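The block underneath contains the structure these notes are about, expressed in structure tokens.
Note that the structure is a prediction, hence the values are computed from the model and not measured.
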Amino acid sequence: MTAQLAVEKLDVAYGDFQVLWQAELQVQPGQIVALLGPNGAGKSTLMNTISGLNKAASGSITFEGKRIDHLPAHQTVGEGIAHVLERRRLFPFLTVLDNVLLGAHNPRARPMREETLAKVEALFPILKARRSQLANTLSGGEQQMVAIARGIMARPKLLMVDEPFLGLAPMMVEEIGKLMQRIRDEQGIGIIFIEQNVELALRLADHGFILESGRTILDGPSADLLKSDEVKRIFLGDFAF
Ligand SMILES: Nc1ncnc2c1ncn2[C@@H]1O[C@H](COP(=O)(O)OP(=O)(O)OP(=O)(O)O)[C@@H](O)[C@H]1O
Ligand SMILES: [Mg+2]
């Protein structure tokens with residue numbers, strides 16, 4: 001199977017400070033991939049480089065057969081990659097509906113805006129009920145739903161979400177996890193997400209990649225990683241199997 005997204009030998013630096021060293025990542029079509037690793041490992045940097053917010057010093061990023069590593073963020077959206085940034089980044093004083101609709105800004109998505117909105121509101125009925133509520137009056141979990149809904153409004157083939165579960169209560173984590181699986185199963189959209197809790201992440205994902213100090217040191221099907229001694233070593237103390 002050809003990977004939908006392939007990151008190869010990616011080096012990324014902030015000025016003189018190199019963060020990613022020959023990083024690798026692959027996503028198969030319609031797969032949920034967990035991007036794991038300790039704080040500061042470079043997970044957000046890798047996601048930001050895929051979406052064009054950061055520039056690579058060397059290496060390649062190929063999406064559906066096309067090199068995208070020189071594209072700015074507004075163009076990677078046009079290629080079919082949506083990026084939900086860490087901490088949601090909603091417009092607090094806009095309504096839920098306006099925040100969601102902003103996701104359809106790109107030329108690919110705009111003509112189909114109403115149709116996509118109907119799909120998105122079927123996935124997230126609560127957002128339909130809260131259409132006219134200001135975003136800053138929603139709970140953290142509801143705001144994360146708005147952020148993901150906004151991502152889907154861009155009609156992506158691949159959705160990237162940086163720490164979707166950060167600070168959420170267990171019930172909300174479960175609900176958003178199920179939504180991500182429905183997005184994969186019903187829309188055929190592939191997903192990459194970043195998460196600190198390895199066990200939680202691997203229960204949800206099909207495949208995991210582990211970054212340590214900017215290098216991809218391990219990847220595999222989630223079920224294998226959950227049993228791996230290497231994974232236990234890396235995250236020792238983070239959780240108990
Ligand atoms: N804009 C920036 N300028 C300079 N250094 C940065 C910048 N963004 C990130 N870094 C540094 O790059 C390294 C990797 O950061 P990054 O945010 O990619 O890690 P992360 O794996 O997402 O961490 P976390 O789990 O804490 O979110 C860190 O040492 C961080 O301080
Ligand atoms: Mg991060």
Scan for ring-ring contact (aromatic ring centres under 6.0 Å, His included) pairs involving residues 202-230, sequence neighbours excluded, and state none if there are none. His207-Phe209
Anything under 3.5 Å between a donor and an acceptor, one on a side chain of residues 29-37, the other on a protein residue two or more places apart or in another chain? List them.
residue : atom : partner : partner atom : Å
Gln31   : OE1  : Gln28   : N            : 3.0

By salt bridge (charged side-chain N to carboxylate O under 4.0 Å, His left out) - contacts of [X] (at least two apart):
| X | value |
| --- | --- |
| Glu86 | none |
| Glu142 | Arg130 |
| Glu186 | Arg182 |
| Glu8 | none |

Residue pairs, two or more places apart or on separate chains, that pass salt bridge (Lys or Arg N to Asp or Glu O under 4.0 Å) and touch residues 101-117: none
Show every salt bridge (Lys or Arg N to Asp or Glu O under 4.0 Å) that has at least one partner inside residues 206-217, sequence neighbours left out. Arg184-Asp206
Could you please spell out the steps behind the side chain to side chain contact (heavy atoms under 4.5 Å, CB included) verdict for Leu123 and Ile183? CA-CA 8 Å; Leu123 268 172; Ile183 291 166; 3.9 Å; yes
Of all residues at least two apart in sequence or in a different chain, which pass the side chain to side chain donor-acceptor pair (under 3.5 Å) check with Thr45? Tyr14
Glu163 meets the side chain to side chain donor-acceptor pair (under 3.5 Å) criterion, sequence neighbours left out, with Gln196
Would you compute the distance between atom OG1 of Thr216 and atom CG of Leu211 and round it to the nearest 0.5 angstrom? 5.0 Å
Using 0.5 Å steps for rounding, measure from the CZ atom of Phe193 to the NZ atom of Lys43. 12.5 Å
Under the side chain to side chain donor-acceptor pair (under 3.5 Å) definition, can you give me all pairs with a residue in residues 64-74, not counting sequence neighbours? Gln4-Glu64, Glu64-Lys157, Lys66-Glu79, Arg67-Asp69
Is any side-chain N of the basic residue among Glu175 and Lys178 closer than 4.0 Å to the acidic one's carboxylate O? no
For Leu94, the hydrophobic cluster (side chain heavy atoms closer than 4.5 Å, chained through members) also holds Phe91, Leu102
